[in-house]
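Written below as structure tokens is the structure these notes are about.
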Amino acid sequence: MGGDLSFVKMNGIGNEIVVLDLRGRPERVDAAAARAIAALPGGWFDQMMVLYDPVTPGTAAAMRIFNVDGSESFACGNGTRCVAAREFARTGASRVLLQSRAGLLVCTDAGDGAVTVDMGTPKFGWADIPLAEPFHDTRAIELQIGPIDAPILHSPSVVNVGNPHAIFWVDDVEALDLGRIGPMLENHPLFPERANISLAHVTAPDALTLKVWERGAGLTRACGSAACAAAVSAARTRRTGRTVTVSLPGGDLVITWTDADRILMTGPAEHEYDGAVPAAVFAVSTGAGLSAPMR
Ligand SMILES: N[C@H](CCC[C@H](N)C(=O)O)C(=O)O
């Protein structure tokens with residue numbers, strides 16, 4: 001198999017994203033290859049977006065999304081903006097259709113380096129999130145940590161926006177050590193596929209601040225899907241209206257939950273540098289020479 005492969009390091013308001021374009025190439029990424037790429041000099045990422053040849057007419061690529069721990073996610077809002085921005089720069093187009101494992105994502109150039117992604121329709125049913133047991137009202141589920149009569153966190157809203165999210169409503173997102181509490185909640189038995197854990201503070205009817213412990217990646221400077229999850233949950237619980245500016249440590253995203261039940265996310269995507277993945281990463285992870293492509 002040929003020489004090194006190039007990758008592009010980008011970020012979406014500080015969410016560290018690697019884009020690895022394998023269109024027209026035989027290599028496939030598995031969990032071991034994802035971890036090996038994350039360990040390369042300059043290869044560090046929160047998420048890696050891997051592009052394969054399109055399988056659906058009209059789409060530019062079939063996208064797989066890896067967390068830094070090698071696990072896969074079906075959604076990544078910040079990474080999707082990065083992929084779209086790179087497509088716009090490469091092709092001159094101002095609209096691109098990408099396919100993730102959650103569905104088709106329409107991305108449009110919003111000008112000034114910003115991209116809007118239609119992230120699809122939120123799912124609120126307990127089995128769709130998924131939760132391990134039935135809950136009728138996912139606006140606030142019975143889950144709390146800390147002393148029974150003085151919980152540290154309780155009653156999160158839960159939602160699936162392609163991936164699972166729990167949002168705890170707090171007065172101050174900095175008051176708790178999310179780095180310590182996050183892992184426990186991410187792996188709580190109520191979440192059979194684990195969950196992304198957010199602390200959200202509503203600051204105005206159209207604004208909230210958010211801090212996220214991501215499934216498979218830990219504390220990040222921003223999480224686009226969590227911003228979508230928090231915005232729809234805030235609107236659903238009448239904390240805000242349907243358009244919300246979500247402020248994360250790395251910057252702001254604007255989220256609109258449309259009357260047609262779609263989530264539109266708008267924000268920037270920045271190119272940082274180009275890097276190279278040695279061919280050996282794939283040879284080691286998939287077994288040199290034995291190459292039934294994994295898909
Ligand atoms: N940072 C990403 C989310 C990655 C999701 C991942 N942590 C998971 O669900 O496993 C975003 O901008 O949406």
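Indexing begins at 1, ligand by ligand and atom by atom, following the structure's order. If you read the sequence from its start, that first residue is 1, and numbering goes on from there.
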among protein heavy atoms, the one nearest atom 2 (C) of ligand 1 is Cys76 SG, 3.2 Å

Closest non-hydrogen atoms of Ile197 and Phe168, given as atom of the first, atom of the second and distance, are CG2-CE1, 4.0 Å

Any heavy atom of Arg194 under 4.0 Å from ligand 1? The part involved is neither

Would you say ligand 1 has an N or O under 3.5 Å from any N or O of Pro164? no

for atom 5 (C) of ligand 1, nearest protein heavy atom and its distance come out as Asn163 ND2, 3.3 Å

All heavy atoms of Ala227 vs all of Leu253, minimum pair found to be CB-CD1, 3.8 Å

min-distance protein heavy atom vs atom 10 (O) of ligand 1 -> Arg215 NE, 2.7 Å

Quiz prompt | Polar atom proximity, Gly77 to ligand 1 (N or O, under 3.5 Å) | solution = yes

The protein heavy atom nearest to atom 6 (C) of ligand 1 is Asn67 OD1, 3.2 Å

* Asked: So, Thr237 side chain and Arg139 main chain: donor-acceptor pair closer than 3.5 Å or not?
  -> no

Note: ligand 1 atoms sitting under 4.0 Å from heavy atoms of Asn78 are 11 (C), 12 (O)

The atoms of ligand 1 lying under 4.0 Å from a heavy atom of Ser73, numbered in the order shown, are 5 (C), 6 (C), 8 (C), 9 (O), 10 (O)

- For Gly216, is the nearest heavy atom under 4.0 Å from an atom of ligand 1? no

Min over Ala195, Cys223, Ala229, Ala222 of heavy-atom distance to atom 3 (C) of ligand 1 lands on Cys223

Result for salt bridge (charged side-chain N to carboxylate O under 4.0 Å, His left out) between Asp69 and one of Arg194, Arg35, Arg215 points to Arg194

Please check if any side-chain donor atom of Ser247 sits under 3.5 Å from a side-chain acceptor atom of Thr209, or the reverse. no

Nearest non-hydrogen contact to atom 1 (N) of ligand 1 from the set Asn196, Asn15, Ile13 belongs to Asn15

Practice item. Verify, without hydrogens or angle tests, whether Asp53 (side chain) and Gly24 (backbone) share a donor-acceptor contact under 3.5 angstrom. Key: yes

When only distance counts, is Ser225 in polar contact with ligand 1, meaning an N/O pair under 3.5 Å? yes

For this session: Using the six-membered ring of Tyr52, assess whether NZ or CZ of Arg64 lies under 6.0 Å from its centre and within 45 degrees of the ring axis.
Result: no

Looking only at protein heavy atoms, what sits closest to atom 12 (O) of ligand 1 is Gly224 N, 2.6 Å

Value for CG (Asp252) from CG (Leu210), rounded to nearest 0.5 Å, stands at 11.0 Å

Greater than 12 external heavy atoms within 6.0 Å of Glu270's CD: no

